[in-house]
Amino acid sequence: LWALSNESPAQEGNIYLRFTEQAFTARIEDAPLQTVIDRIKKERDIWFQVWSGVSLEGEKVSVTFSDLSIKDGLERILSSMNYSVFFDESGVVGVMLLGKADKTGRGRRTPTPRRTPRRPTRGR
């Protein structure tokens, strides 16, 4: 029965997640990012907040890794997004998704201000 899902099995891709105390293993193939996030929220109780105006529509994930820390695993899964991870004494507690990452991989650059060379001062 697929009545409990808004998406057909083909749209959901393949998702395998296994969590241990401080690490996890994932095999994700062509799965919607929102579906992957929903599974992580359910299985690990990590909250996710999407910044206003950001859409996860059409974002797909394909990644495979074994026994990475929660932080490093999330970094791999969220590689197409800009995000912030929130921690407490127990580890990762939440993620704020801020938008899609720059496709060039260089990130957004801020121009470096030019410095005017100082003239030596003469004694008075």
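Using a 30° and 60° split on the angle between ring planes, Phe24 and Phe65 fall in the perpendicular class, above 60°.
The CG atom of Asp45 sits 11.0 Å away from atom CZ of Phe19, with the distance rounded to the nearest 0.5 Å. Interatomic distance, Ile37 CD1 to Leu56 CG, rounded to the nearest 0.5 Å: 5.0 Å. The CG atom of Leu17 sits 11.0 Å away from the NZ atom of Lys42 when rounded to the nearest 0.5 Å. We find the OG-CD1 distance between Ser79 and Ile77 to be 9.5 Å, quoted to the nearest 0.5 Å. With rounding to the nearest 0.5 angstrom, the CD1 atom of Ile70 is 5.5 Å from the CD1 atom of Ile46. Atoms CD and OG1, from Gln22 and Thr20 in turn, are 7.5 Å apart once rounded to the nearest 0.5 Å.
Within the 4.5 Å cutoff, the side chain of Gln34 has no heavy atoms near those of the Val61 side chain. Side-chain contact between Pro32 and Lys60: present, with at least one pair of heavy atoms (C-beta onward) separated by less than 4.5 Å. Within the 4.5 Å cutoff, the side chain of Val92 has heavy atoms near those of the Phe87 side chain.
Side-chain atoms of Ser66 do not come within 3.5 Å of backbone N or O of Thr25 as any donor-acceptor pair. At distances below 3.5 Å, not a single donor-acceptor pair connects side-chain atoms of Asn14 with backbone N or O atoms of Ile28.
In the hydrophobic clustering of this structure, Tyr16 does not group with Val36; members are Ile, Leu, Val, Met, Phe, Trp, Tyr whose side-chain heavy atoms approach within less than 4.5 Å, directly or through other members.
Heavy-atom minimum distance, Arg44 versus Glu21: NH2-O, 2.6 Å. Here the closest non-hydrogen pair linking Asp88 and Ser90 is OD1-OG, 2.6 Å. In terms of heavy-atom proximity, Arg18 sits nearest to Asp67 at NH2-OD1, 3.6 Å. Across all non-hydrogen atoms, the minimal contact from Met81 to Leu33 is CG-CD2, 3.8 Å.
Remark: Trp47 CH2 is packed, more than 12 non-hydrogen atoms of other residues, nucleotides or ligands lying under 6.0 Å away. More than 12 heavy atoms of other residues, nucleotides or ligands sit less than 6.0 Å from atom CD of Glu43.
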